[in-house]
Amino acid sequence: MPETILIAIAWPYANSDIHVGNITGSHLPGDICARYHRLRGRKVLMVSGSDAHGTAITIKADQKGVSPMEVYQHYHPRFIELFTKLGISYDLFTSTHTANHFDIAQKIFIVLKENGYLITNISKQWYSKTQKRFLPDRYVEGTCYYCGNEDARSDQCEQCGHVLEAEKLVSPRSKLDGSTPELRETEHYYLDLSGLEPKIKTFLQERESYWRPLVINQSLGMINTTGLKPTPITRDLDWGIPVPLEGWEGKCLYVWFEAVMGYLSAAIEWCDLNGNRDAWRDWWLNPESKCFYYIGKDNITFHAVTWPAELLGIRDGLDRKLGSPDSKALVLPYNIPANEFMNLEGRKISGSQNWAVWGLDALERYDPDALRYYLTVAMPETRDTDWDWEDFFQRNNNELVATWGNLVNRVLSFTYKHWEGIIPAPEKLRESDLILLQTIGGGFEKVGQLLEKVELRGALAEAMALATEVNKYLDMHGPWFEIKTDRKEAEKTIYTAIQAIAWLSVMLSPFLPFTSQAVHEILDLGEPLFQEPQVEEVQDELGSHQILLTRRTESDSERSDRWLPNKLVPGRKFKQPYPLFKKLDHKIVEEERDRLGAKS
RNA sequence: GGCGAGGUAGCUCAAUGGUGGAGCAGUGGACUCAUAAGCCAUUGGUUCUGGGUUCAAAUCCCAGCCUCGCCA
């Protein structure tokens, strides 16, 4: 039985397009790891989806004068388009607005209630008589009771920075129509997981040795100081998942509570779509299964403390509700390699000020692997990083094009010219050839170890350093001299170099899937490296929604370990080579900088 | 205000008590298969600041400054 790996990626809010910070923060690192583990022949399931609910969406809808559904339906397909073009290889990218997700989230709510983790509480909230509904905090403005600022939000005053208690706000007014709201009592469910604190502490301590310092220390700090406090999980909203209880009409599950369950519901949906619903248990109920969560640092304690506590609180309840006779408990996170933030040209990325590099827009002008390369070398693994167009330009031209792209092109072009595109069959290889092959072949081990630890920058740097080794080797032998004096010597050099390139293209394929596949095809190495997802439209009681789906057959899931230095067969003809990457003109730096902050 | 992470060469980052390194940029050189790419050599540092411990501190301790996140 191959190792099972769940790659869970934070669900993006469907109220804005995705920018480079979102990509490098979670989608790209998740994809790189998923591709690596697939090459190892492991059973990988990579899931995420659009977070369609919550006030982030309703506010956008009110601004635009459209329904929340329309907001979600605008952004969701754009996410899917971006992932397709950028090669983010989801097994399933779905949404929280599906019948399946509603069902799972409601079942989990009931399970937590049955297991004794839910309590109810009555509080006062602002109610709009004109709109006949409760107003979320972000919909109410008024005068700050600390500093007198007349335009304070009801939850926080921007001017003095104080956090405000909404009901104490002076002269409140509705952001929707300016009318004066009144305080009304309302009852809500709260999740109380405080009893699970000791178990969470143990869970964290067991993982202390290999988690990123930021993640483990912040989580331990949180459990040791604040702890797990009762938190509301329902709201007076009509856009979302209804509370599945009689007498609770008009109330929905709080978005933070239900969206995270997408990691579960999406796994179940994928298995359904592949015709084996019970298969989700392989990833979620098998104690050997490893669950990786790719998130940004703003989400750490939620994923490392609250979510594991929920999973513990659910126990075997979900499996039981889904009809399993021998129900099992859910698997806790194996690793949560949270990334820090990516800034842009020295400033925080801000969508509203258009201080952003948008994924879809950047793909209009740059190749996906060029973007993926820069987003990996500048990935905020240990501290905040900066997207800098000059740096992007330099890295693309001096590293990606010069070191790797040029290596492939110089060797294959030379071979094409002198051997008519047939990989030469060398006589006995020399000591130096064997040493190079040993060095490059050893990269599978070295790069692989770094990928296992989710040190992606380091892994890519290691692979690139190996490409430099091949360049050095070529200069040492100079096949362009050898061919003039002793063709057989040149054949040894060229065979060795092509072998090294074939291996490097596999090693680089998690990072650069498009160009690695191109090398794979030029060398005519057979089956594609990866199966890429397709866009599909599916129907349920809530309507139709687009998904990004990879359907896997039995043979796909039984592919062997390909993260190995497999021997290249000489004497085979390959295709006409071409440059893998585009060298950029320096003028793009100014052009791109001029775009920043501009009104679209 | 509390918790946590980070601050090292122009840039991106290594270095967990033992002579501060690498890649890129810069500079010089020989070469020409290749996208004027590659290769060789080389300049460059008050390790945020101030104290302390130690034979020895980027590293350990104390205080402060700056950036970021979470919570209040």
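Letters go in sequence order (proteins before strands), and every chain restarts at 1. Just so it is clear, the structure is predicted and the values come from calculations on it, not from any experiment.
- Taking atom CG of residue A:Asp137 and atom P of nucleotide B:A72, one finds them 12 Å apart after rounding to whole Å.
- Residue A:Arg383 places no side-chain N or O under 4.0 Å from the OP1 or OP2 atom of B:U67.
- The partner of B:G28 is B:C40, judged by Watson-Crick or G-U wobble contacts that both fall below 3.5 Å.
- Contact check on A:Lys573 versus A:Asp524 returns no salt bridge, with no Lys/Arg side-chain nitrogen under 4.0 Å from an Asp/Glu carboxylate oxygen.
- Checking B:G69, B:C33, B:G38 against the side-chain heavy atoms of A:Lys348 singles out B:G69 as nearest.
- Stacking is found between A:Trp480 and the pyrimidine-like six-membered ring of the B:C33 base under the 5.5 Å centre-distance and 30° plane-angle cut-offs.
- Salt-bridge formation is detected for the pair A:Asp475/A:Arg410: a Lys NZ or Arg NE/NH1/NH2 atom is positioned less than 4.0 Å from an Asp or Glu carboxylate oxygen.
- Remark: A:Thr385 is not in phosphate contact with B:C11, judged by side-chain N or O atoms under 4.0 Å from OP1 or OP2.
- The residues A:Lys229 and A:Asp192 are annotated as not salt-bridged, no charged nitrogen and carboxylate oxygen being separated by less than 4.0 angstrom.
- For A:Thr301, the side-chain atoms get nearest to B:C70 when compared with the rest of B:C70, B:A5, B:G38.
- Spacing between atom CG of A:Asn398 and atom P of B:G38 amounts to 7 Å, rounded to whole angstrom units.
- As the counterpart of B:A34, no nucleotide is assigned, since no Watson-Crick or G-U wobble pattern has both distances under 3.5 Å.
- Ion pairing of A:Lys297 with A:Asp384 is present here, as a side-chain N (NZ or NE/NH1/NH2) and a carboxylate O approach within less than 4.0 Å.
- Counting to the nearest Å, the C1' atom of B:G69 and the CD1 atom of A:Ile216 are 17 Å from each other.
- Atom NE2 in A:His586 sits about 11 Å away from atom C1' in B:A25, given to the nearest Å.
- B:A5: Watson-Crick or G-U partner is B:U67, with both key distances under 3.5 Å.
- No contact: A:Thr415 has no heavy atom under 4.0 Å from any strand.
- A:Met379 places its CE atom 19 Å from the P atom of B:G6, with the value rounded to the nearest Å.
- Taking atom CG of A:Asp384 as the reference point, atom P of B:G6 lies 12 Å away to the nearest angstrom.
- Taking atom CE of A:Met464 as the reference point, atom P of B:A14 lies 18 Å away to the nearest angstrom.
- Nearest nucleotide to the side chain of A:Ser413, out of B:A34, B:G38, B:G4: B:A34.
- Nucleotide B:C70 holds its P atom 14 Å from the NE2 atom of A:His303, rounded to whole Å.
- Residue contacts shown for A:Leu220 are absent, as no nucleic acid heavy atom lies under 4.0 Å away.
- Between A:Lys575 and A:Glu521 no salt bridge is recorded (no basic side-chain N to carboxylate O distance below 4.0 Å).
- Among the protein residues, A:Pro479 comes within range of no part of the nucleic acid, since none of its heavy atoms lies under 4.0 Å from any strand.
- Checking B:A57 for Watson-Crick or G-U wobble geometry (two distances, each under 3.5 Å) identifies no partner in any strand.
- With hydrogens and angles ignored, no donor-acceptor pair under 3.5 angstrom links the side chain of A:Asn406 to the base of B:G38.
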